[in-house]
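Numbers restart at 1 for each chain; the letters A, B, ... are given by sequence-line order, proteins then strands. Here the structure is a predicted model, which means the values were calculated and not measured.
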Number of protein chains: 2
Amino acid sequence: MRVSVVANPIGLIFGETFLMSSPENILRSKIGQLVPMPEEDWQLIAPFITIRILKKGELFAAEGKVGKDLGLILKGTMRHFYTKDGEEKTTYFYFENAFTGPYLSCITGQPSQLSFEALCEVQIIVFPYRKLAEAFDRSKHWERFGRLLAEWALKGVEERMAGLLMLSPEERYIELLNSNKRKILERIPQHLVANYLGITPVSLSRIRNRVMQK
Amino acid sequence: MRVSVVANPIGLIFGETFLMSSPENILRSKIGQLVPMPEEDWQLIAPFITIRILKKGELFAAEGKVGKDLGLILKGTMRHFYTKDGEEKTTYFYFENAFTGPYLSCITGQPSQLSFEALCEVQIIVFPYRKLAEAFDRSKHWERFGRLLAEWALKGVEERMAGLLMLSPEERYIELLNSNKRKILERIPQHLVANYLGITPVSLSRIRNRVMQK
DNA sequence: TCAAAACGATAACAAAAGATAAGAAATCAG
DNA sequence: CTGATTTCTTATCTTTTGTTATCGTTTTGA
């Protein structure tokens, strides 16, 4: 891995100079947050990393296809959605610095029930799951990364599900307001937020009204 | 591992003789379904396995405590529940042959928000998560088991959540009727099923009525 | 065995959510 | 700038759910 010291828009904040954050370094650093990753192991994935630019509305992965690639979002916002009775149901959003893609489909090898769509122009680091799976076999560090990633995802989904089972729609909205996911409310069209909360857009509008008056 | 050929209540079904299914073998075979586990690796956990009998109503793990043990149910049914406003909210059931226990708390090291309770007399194979975590460090097979376990759990929770977001309470009840989780309806008190579906017992009673008439 | 507790069905009412339609406000494309 | 589209609110009506309470029945435990 080449490491160069340059000024970049991020590095120059407050006049400091950082190690250059190339896409490769960003991904590596993100992964390094979970597990140490020696150079040799890193090279199992590094050669297969690419950068993709998605236009607004473009799909990163589509329903019915077996997942191939995962990604780390550098810039922009994405959503995933199910299709039911011809209607799209958005159940998750992805922001900068988040892993995204048809993880479950990659794991199971079954066609994805989810589609992944860019909500604006999105810049994303892409790597093939197949190579990750190979790395699981060849490197205990990658195997551990795989475990921690799954555990981390599990933790998130469990928390979300507890909210759906224990809280009313209004309570869920209030909790969203008070959470660090508040940015969902700021950047995302309301009918998608409604889907996320498991209610209709009209109902969300009413809830907002009720909550506002308190 | 000692393997003895004996007649046992399970082994004698249809007059055949199986390898004895000692608790240890049952656990090993269950784990072997996910990942091959050589004897040497197996011995990282085997010495720490115990059997526990839980009386009806007894807790296997309690809210507020950091998770220590996980288990595999040999016989009986368990539930896990949150406590909210002094009310218990049951959100999952465990049957024979299922892993159970405060998995998330074990992973995170945070106090569990969940309690695990025996719904009848329960026979359960218990092993300390601490030893499993040590095995992660020492054995790639165990590390892989950890990954697959987390992925498997993730898959289950994701499917459940999709149902909560996409289906109405009535649809969820009908889906439960038509699923292989139907046994939930047969063995479990109705107010707990209602919790599981994210509705009140009264509402479930009405839904049953509506659905019955169709 | 017997009293207490748990469980389930049902009724009545209030509160909330879904469906639909109409219209205001913001955004976007040409 | 303007017309079209998207987004959000509001209103009405219907359906569903929540809440509370009552009443048998079953289960439990002493």
Side-chain angles (χ1 to χ4, degrees), chain A residues 55-58 76-77 79 81-82 84-91 93 117-121 163-177 183-214, chain B residues 54-58 76-77 79 81 84-91 93 117-122 163-177 184-214:
Chain A
K55 285 183 195 137
K56 177 174 176 175
E58 193 174 347
T77 309
R79 65 167 179 140
F81 60 93
Y82 295 82
K84 189 205 170 193
D85 309 329
E87 294 254 303
E88 295 178 359
K89 294 277 187 178
T90 299
T91 61
F93 303 102
E117 185 195 74
L119 287 172
C120 55
E121 180 165 303
L164 288 170
L165 286 168
M166 313 239 311
L167 305 178
S168 68
E170 179 167 330
E171 288 173 314
R172 293 205 288 275
Y173 172 74
I174 290 169
E175 185 162 280
L176 185 60
L177 265 183
K183 57 185 169 186
I184 288 179
L185 297 172
E186 293 161 6
R187 289 212 230 167
I188 305 281
Q190 200 148 318
H191 66 281
L192 299 184
V193 176
N195 276 172
Y196 179 82
L197 291 171
I199 55 179
T200 61
V202 179
S203 190
L204 176 55
S205 180
R206 280 186 296 227
I207 288 173
R208 281 163 61 94
N209 228 317
R210 277 207 302 272
V211 172
M212 205 105 82
Q213 291 176 356
K214 294 174 189 170
Chain B
L54 304 171
K55 287 188 194 129
K56 177 173 178 176
E58 194 175 345
T77 309
R79 65 167 179 141
F81 60 93
K84 189 204 171 194
D85 308 329
E87 294 254 303
E88 295 178 359
K89 294 279 187 178
T90 299
T91 61
F93 304 102
E117 186 196 73
L119 288 172
C120 53
E121 180 165 303
V122 165
L164 288 171
L165 286 168
M166 312 239 311
L167 304 178
S168 69
E170 180 168 330
E171 288 172 313
R172 294 204 288 276
Y173 172 74
I174 291 170
E175 184 162 282
L176 184 60
L177 265 184
I184 288 180
L185 297 172
E186 294 161 5
R187 287 213 234 167
I188 306 280
Q190 199 150 320
H191 67 280
L192 300 184
V193 175
N195 277 171
Y196 179 81
L197 291 170
I199 56 179
T200 62
V202 179
S203 190
L204 176 56
S205 180
R206 278 186 299 228
I207 287 173
R208 280 164 61 94
N209 231 317
R210 276 208 302 273
V211 171
M212 206 105 83
Q213 291 177 354
K214 295 175 187 171

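- For the pair Arg172(A) CZ and dA16(C) P, the computed distance is 14 Å after rounding to whole Å.
- Place Ile199(A) and Lys56(A) on DNA chain C by their nearest nucleotides, and Ile199(A) ends up nearer the 5' end.
- Of the side-chain N and O atoms in Asn209(A), one or more sit less than 4.0 angstrom from OP1 or OP2 of dT10(D).
- For the atom pair CG of Leu197(A) and OG1 of Thr90(A), the computed distance is 11.5 Å after rounding to the nearest 0.5 Å.
- Between the CG atom of Asn195(A) and the C1' atom of dC8(D) there is a distance of 15 Å, given to the nearest Å.
- Between the NZ atom in Lys84(A) and the CD atom in Glu171(B) there is a gap of 3.5 Å [rounded to 0.5 Å].
- Rounding to whole angstrom units, CD of residue Glu171(A) and P of dA15(C) are separated by 16 Å.
- Other residues, nucleotides and ligands place no more than 12 heavy atoms under 6.0 Å from the CD atom of Glu175(A).
- Between the CZ atom of Arg187(A) and the P atom of dA26(C) there is a distance of 22 Å, given to the nearest Å.
- Between Leu176(B) and Val193(B), the shortest heavy-atom contact is CD2-CG1, 4.1 Å.
- In this structure, Leu185(A) atom CG and dC8(D) atom C1' are separated by 14 Å, rounded to whole Å.
- Distances shown here put every side-chain N or O of Gln190(A) at or beyond 4.0 Å from the OP1 or OP2 atom of dT6(D).
- Using a 4.0 Å heavy-atom distance criterion, Pro201(A) is classed as making no nucleic acid contact.
- Between Phe93(A) and Leu192(A), the shortest heavy-atom contact is CZ-O, 3.6 Å.
- Taking atom CG on Leu197(B) and atom P on dT17(D), their separation rounds to 11 Å, with Å as the unit.
- A residue-by-residue look at Val202(A) and Val202(B) shows that Val202(B) has its nearest nucleotide of DNA chain C further toward the 5' end.
- For a distance-only test at 3.5 Å, the side chain of Arg206(B) qualifies as a donor-acceptor partner of the base of dG18(D).
- The residue Ser205(A) sits close to a base: some heavy atom pair falls under 4.0 Å.
- The residue Leu204(A) sits apart from the nucleic acid: no heavy atom pair falls under 4.0 Å.
- The interatomic distance linking His191(A) (NE2) with dA17(C) (P) rounds to 20 Å, in whole Å.
- In this structure, Thr200(B) does not reach the dT17(D) phosphate: none of its side-chain N or O atoms is under 4.0 Å from OP1 or OP2.
- Residue Arg208(B) contributes atom CZ, which lies 18 Å from atom C1' of dT16(D) at whole-angstrom precision.
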